Amino acid sequence: MVGDGHRAADTPLRAAQDEAGVPPGIWKGRGLAALGLRAGDVVSERQAELLLGEGRHPDADRIERELLAQGKSPARTRRATVLGRPIEHNASPKTEKAKERTPWLAMDLVFRAPSTAHIAWALTHDETRLVLESCQDVARDRTLAWLEESVAQIRWKASGKQRARVKDGLVVAVFRHYESRAAESKPLLHDHAVVSIRARRPDGTWGNLSADLMLAHIVAADTLYTLHFMEEVTARLGWAWEPREVTAGRRPVMEIAGIDRRLIGWQSTRRQQIEDALSVLADKYEERHGHPPGEKAGYALACQAADQTRPPKRTELWSLTELRTRWRTSAIAAFGAYTVYRLAERARAAAAAVWARVRPVVDVALAAVDVVAVVYVMRGAFARHHLLAEARRHLAYALRGHRHEPGLDEQIVQTAVDDYTRPVGRGRMMTVDLRALYPRDTEDQAVLRPLTRSRTAAPYERARLAADGLRARARAVGRTDRPAGRVPEQTTDVDTVNQTRRMLAEAALARVLEGARERALLARGSRREPAAAPPPHTQQPGTQPTPGRTTGGVR
């Protein structure tokens, strides 16, 4: 509530927020009406303590006074202010298993924009800064609205095995921060959306949200937020977006075109510190086990390196004006006044170049093939929300900031599910139906085999090869001309299809073998290249994004 500052016990919250240079928190969500609150109201310290700390009504003090004045007992009065099950239930001797659990009363979703957006927000003039903050507001609110309309469910009946839609919506306290926790004070415009776990059931009683369902859709919410943020920036400032590869072979991130990439980390030595620590941990791992760490072990070591090198929070407090002055002075000293003062102008010029070479058009049929191929190679078996997240990434890449038609992401997912997947197991999981991708010649499935089974290339690198190959083949057999619905019979001759298949198979195998040779040469070198490091901020529960990921989104 006070950013990264430290507040003395006798300091009022609002005074501490002023000293820390952060604005007061505000309430969001459609569930506020049931509590007598309104969207945009300031979050007081007592309201947060009651709702997010005790699971009680944020106006519990007034309710208790009124009930006690009516002669109600203290126990009954307190119970009347509790939303759902009291947290004292965990300490009851009747619940041996529950009493050892710490009550979970809220979840913290962090909305952070891509790196170049932070740079533009920190270094441009105030007018552009305010526009970017408005883009952040719109993207965050639309993502929260999607979560409460399409995702949020409340546990229902015994053991929470049955679920139901929430009656009203979510209750969210939003706190905006301006910088990272690192000691060097890196610009980082981000919002902490603290979602109360308490919500109303259809019958009006209070209960707990299905937290596992919310967390399962975090990546889909991440991609939706990024998509909306990109669209707002493009609509209001005229800037375009382009992909940036952070780690070779891994998923690229979308950044504002024309902004000098050196500015992304001009003050930060955090990544280098993590990589140095990771190299030591990887050497120790190989000494103990006799082989280099694999993908899973490498991720665990990267997280350990991030924890070991995490700096303490800065104790000196600066206002936003002071922070922006320091950031601009530092950037000018490092890269010159031209780089800083012409930042917005160069972004507009780069946008014109992007629009000249990129046609922002989405073909639903090809997008469905692309999405299902990437998710299949990355995961094997997957759920609908995995396809939805990838569909939104596809839209962000294809449109580069242009607005997408409402429901287009769901249309892509539905096409992929209807045409290219089959159920697997007893749950809601599915996998690719290769017979639907290749209705005539099953030998074409060989295009995917070296990509799905190879471990010499990074997963996303193999996924892109598979997606590019399948999309090229879909064009070759004329599937882009089909109406919405099922895939028609192939319209090209057999020789053309076989030639396309051979070309794709040879290209895919060549890329995989080339990557294997490069890695073998690196392995023989004197110094092994360290694995990618995780970002300096903790990941949200329930996901395992690629370590070193610096993209924005919901975390």
Side-chain angles (χ1 to χ4, degrees), residues 1-4 13 17 22-35 37-45 47-49 51-53 55 58 104-114 117-118 121 132-154 166 168-181 188-199 208-229 232 389 392 535 537-543 545 551-555:
M1 298 180 72
V2 293
D4 286 337
L13 174 63
Q17 289 171 333
V22 297
I26 57 175
W27 290 109
K28 290 287 183 178
R30 295 188 306 179
L32 294 172
L35 298 173
L37 300 173
R38 294 178 300 176
D41 286 350
V42 173
V43 180
S44 70
E45 182 175 11
Q47 288 175 334
E49 180 183 1
L51 179 61
L52 306 176
W104 190 6
L105 295 175
M107 60 184 73
D108 180 17
L109 308 181
V110 183
F111 293 80
R112 51 174 296 182
H118 301 313
W121 169 81
L132 289 172
E133 290 181 6
S134 178
C135 295
Q136 170 80 353
D137 293 337
V138 172
R140 178 203 64 218
D141 292 347
R142 288 181 178 175
T143 305
L144 288 174
W146 174 76
L147 283 172
E148 63 183 355
E149 292 172 3
S150 304
V151 178
Q153 292 185 6
I154 195 163
V166 294
D168 308 297
L170 302 178
V171 179
V172 187
V174 177
F175 303 95
R176 172 156 294 177
H177 294 174
Y178 296 133
E179 55 182 324
S180 69
R181 63 169 289 154
L188 186 67
L189 175 65
H190 63 287
D191 293 334
H192 290 264
V194 184
V195 182
S196 172
I197 205 73
R198 307 296 198 195
N208 288 346
L209 288 173
S210 175
D212 56 345
L213 190 62
M214 292 283 289
L215 295 177
H217 287 78
I218 285 296
V219 179
D222 175 355
T223 52
L224 179 62
Y225 159 78
T226 303
L227 182 61
H228 282 315
F229 184 84
E232 290 300 316
R392 289 166 176 171
H537 292 273
T538 54
Q539 298 295 331
Q540 71 275 14
T543 61
T551 183
V554 185
R555 307 173 67 80

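Heavy atoms only: backbone and side chains are in, while hydrogens, waters and symmetry mates are out. Keep in mind the model is a prediction, meaning the values are calculated, not measured.
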When you look at L188 and Y178, which way does the side-chain contact (heavy atoms from CB on, under 4.5 Å) test go after all the steps?
CA-CA 5 Å; L188 186 67; Y178 296 133; over 6 Å; no
N/O donor-acceptor pair under 3.5 Å between E148 side chain and L170 backbone
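Side chain of E148 to backbone of L170: a pair is present.
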Taking side-chain contact (heavy atoms from CB on, under 4.5 Å) as the test, write out the residues that go with [X], two or more places apart.
| X | value |
| --- | --- |
| A221 | T143, W146, L147, V554 |
| V42 | P24 |
| A389 | V219, A220, T223, R393 |

Can you name the side chain to side chain donor-acceptor pair (under 3.5 Å) partners of E49, sequence neighbours left out?
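E49 satisfies side chain to side chain donor-acceptor pair (under 3.5 Å) with R46 once adjacent residues are dropped.
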With sequence neighbours excluded, tell me which residues meet side chain to side chain donor-acceptor pair (under 3.5 Å) with D168.
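If we apply the side chain to side chain donor-acceptor pair (under 3.5 Å) test to D168, skipping adjacent residues, the hits are R200.
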Distance (rounded to the nearest 0.5 Å) between [X] [atom1] and [Y] [atom2]:
| X | Y | atom1 | atom2 | result |
| --- | --- | --- | --- | --- |
| M1 | L13 | CE | CG | 4.5 Å |
| W27 | D41 | CH2 | CG | 9.5 Å |
| I197 | L51 | CD1 | CG | 11.0 Å |
| K28 | L37 | NZ | CG | 13.5 Å |
| L189 | E133 | CG | CD | 6.0 Å |

Verdict with reasoning, V194 to V43, per side-chain contact (heavy atoms from CB on, under 4.5 Å):
CA-CA 11 Å; V194 184; V43 180; over 6 Å; no
For the residue pair [X] and [Y], establish whether any side-chain heavy-atom pair is separated by less than 4.5 Å.
| X | Y | result |
| --- | --- | --- |
| V174 | F111 | no |
| L105 | L52 | no |
| Y225 | L109 | no |
| F175 | V22 | no |
| R198 | N208 | yes |

Please check if any side-chain donor atom of Q136 sits under 3.5 Å from a side-chain acceptor atom of W121, or the reverse.
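Side chains of Q136 and W121: no pair found under 3.5 Å.
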State, to 0.1 Å, how close [X] and [Y] come at their nearest heavy-atom pair, and which atoms those are.
| X | Y | answer |
| --- | --- | --- |
| A193 | V172 | CB-CG1, 3.7 Å |
| S210 | D212 | OG-OD1, 2.5 Å |
| L209 | A199 | CD2-CB, 3.8 Å |

Option passing side chain to side chain contact (heavy atoms under 4.5 Å, CB included) with C135 (candidates E232, R140, H228)
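It is E232, the one option of E232, R140, H228 that forms the side chain to side chain contact (heavy atoms under 4.5 Å, CB included) with C135.
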Could I get the full list of salt bridge (Lys or Arg N to Asp or Glu O under 4.0 Å) partners for R176, not counting sequence neighbours?
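Counting only residues at least two positions away or on another chain, R176 forms a salt bridge (Lys or Arg N to Asp or Glu O under 4.0 Å) with D137, D191.
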Parallel, tilted or perpendicular: rings of H192 and H177 (30°, 60°)
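Because their plane-to-plane angle lies in the 30° to 60° range, the rings of H177 and H192 count as tilted.
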